[in-house]
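Naming convention: chains lettered A, B, ... in sequence-line order (proteins, then strands); numbering from 1 in each chain. Computed over heavy atoms, backbone and side chain alike; hydrogens, waters and symmetry mates excluded.
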2 protein chains.
Amino acid sequence: MQSGKPARERILDAAHELMLTVGLSRATTKEIAKGAGCSEAALYKHFASKEELFIRVLTERLPRLAPLLSSLTAEPGRGTLEENLTEIAREAALFYEQSFPIAASLYAETQLKRRHDEAMREMGTGPHLPIEGLDAYLRAEQAAGRVRADADTFAAASLLLGACAQRAFAYDAAVLPEAEPFAARLARTLLAALR
Amino acid sequence: MQSGKPARERILDAAHELMLTVGLSRATTKEIAKGAGCSEAALYKHFASKEELFIRVLTERLPRLAPLLSSLTAEPGRGTLEENLTEIAREAALFYEQSFPIAASLYAETQLKRRHDEAMREMGTGPHLPIEGLDAYLRAEQAAGRVRADADTFAAASLLLGACAQRAFAYDAAVLPEAEPFAARLARTLLAALR
DNA sequence: CGAAGGTGGGTGAGTGCTCACTCACCCTGT
DNA sequence: ACAGGGTGAGTGAGCACTCACCCACCTTCG
């Protein structure tokens, strides 16, 4: 129908949108086709099945957190530790806010979840990766002497990212804490434990 | 069929079991009836609809975290702070491990999620409540002088419970960290920030 | 006492609907 | 001419839910 975008992109967009609004199990082929401005049959010219379409949405539309973490790990000592932790927490909070509702839907379809877990394993990614990435960054700062030698970097990483993730599901949209001040408070509190 | 339990209980058990194993959207009336050892029609003698059945499973079968927190708040100063934080973290980790997969399923059915949110609001409960409860406990300890006067108790509560919640979804069952040592590491790390 | 009748928990056999998916065919650019 | 992206009209399967009926057990009362 409208728009210059190729149909494949419009289909992914429509599926993504529906997963967020009405939920995975009401994101039917009919609704996706309507949202994308094409027929149901057209979906099957681009994707082998509805399951494959969802896998594509998950792998092509969800943002990544890893790049920020690995860039920081690469040069520990840049910026202050508090600035860096705050930025990580802010990015993580926004990341989980976006991806959590979709990822959570997978628990309703364990078969789809298994396929997705497998796809993630093959791509060398997964939900535990940010924790490991932050752990690695903290160990780099530890080696640089900016984090106490006896600090438990894995526990610290679990605390910070856990709080950011939980923010995405513990609150109604109406009372969701603002990402920036929330991140700053977490970072400041955690910092007291690290040095 | 078998068992002395009344049918209503057997139906709730079967629905609960299926939600955990095959996921909400494959937990069909037919499968639930089979699991409970009765006919599909019997389900409707006990519950008005499948949606109401799931609401009942969620409100009657999910464990509660609040009692532990409020009992600790009632008498701050009992036990050491580290022991108490460790116990809270351990209980929280087990709580989220049990309830997370089911609660997450709701994101696939936003209509069901809305009904559940509403039911929780009426019961005065919700996912943000443990955070508030732990915050209250920490403030009580602060008043008793066992937590630094300038500590951010809300941020600390978010960190500890967030890490416990994230443990439930960031890891495959195969590599899920043991609750007890995980809790101890979190508590020890957070403690360094609190005093 | 014993039949009449109400009641709560149960069933087998549907019913209508929605779903993912397919098929025969079409249009347009190269 | 034909390949690739598109379509309207299905199709069978599976779904939540209903219906007419059953039966064991209790009251109630002639």
Nearest-Å distance, [atom1] ([X]) to [atom2] ([N])?
{"X": "A:E109", "N": "C:dC19", "atom1": "CD", "atom2": "P", "result": "14 Å"}
{"X": "A:L24", "N": "C:dA20", "atom1": "CG", "atom2": "P", "result": "10 Å"}
{"X": "A:K30", "N": "C:dT18", "atom1": "NZ", "atom2": "P", "result": "7 Å"}
{"X": "B:L43", "N": "C:dT11", "atom1": "CG", "atom2": "P", "result": "9 Å"}
{"X": "A:E51", "N": "C:dA20", "atom1": "CD", "atom2": "P", "result": "12 Å"}
{"X": "A:K34", "N": "C:dC19", "atom1": "NZ", "atom2": "P", "result": "11 Å"}
{"X": "A:E40", "N": "D:dT11", "atom1": "CD", "atom2": "P", "result": "15 Å"}
{"X": "B:I11", "N": "C:dG10", "atom1": "CD1", "atom2": "C1'", "result": "11 Å"}

Nucleotide of [options] approaching [X] most closely (side-chain heavy atoms):
{"X": "B:S49", "options": "D:dT7, D:dC19, D:dC17", "result": "D:dC17"}
{"X": "B:Y44", "options": "D:dA16, D:dG5, C:dC21", "result": "D:dA16"}
{"X": "B:K45", "options": "D:dG6, C:dG9, D:dA16", "result": "C:dG9"}
{"X": "B:A41", "options": "D:dC19, C:dT22, D:dC17", "result": "D:dC19"}
{"X": "B:C38", "options": "C:dT11, D:dT7, C:dA20", "result": "C:dT11"}

Are B:L112 and B:L12 joined in one hydrophobic group, where the rule is that I, L, V, M, F, W and Y side chains link up if heavy atoms are under 4.5 Å apart?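 Looking at the clustering, B:L12 is in the same group as B:L112.
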Does [N] have OP1 or OP2 under 4.0 Å away from a side-chain N or O of [X]?
{"X": "A:T29", "N": "C:dA20", "result": "yes"}
{"X": "A:H46", "N": "D:dG4", "result": "no"}
{"X": "B:K50", "N": "D:dA16", "result": "yes"}

If the plane angle is over 60° it's perpendicular, under 30° parallel, otherwise tilted; pick one for A:F169 and A:F100.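 A:F169 and A:F100: parallel rings.
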Please identify which of these residues, A:L160, A:D135, A:L68, A:L161, meets the side chain to side chain contact (heavy atoms under 4.5 Å, CB included) condition with A:P130.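 Only one of A:L160, A:D135, A:L68, A:L161 forms a side chain to side chain contact (heavy atoms under 4.5 Å, CB included) with A:P130, namely A:L161.
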Quick one: do B:K113 and B:D117 make a salt bridge, cutoff under 4.0 Å?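 Judged by the 4.0 Å cut-off on N to carboxylate O distance, B:K113 and B:D117 do form a salt bridge.
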Answer yes when A:E9 and A:R61 have at least one side-chain N-carboxylate O distance shorter than 4.0 Å, and no when they do not.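 A salt bridge links A:E9 with A:R61.
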Starting at the 5' end of DNA chain C, which residue's closest nucleotide do you reach first, B:A7 or A:R26?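 Its nearest nucleotide lies further toward 5', so the answer is B:A7.
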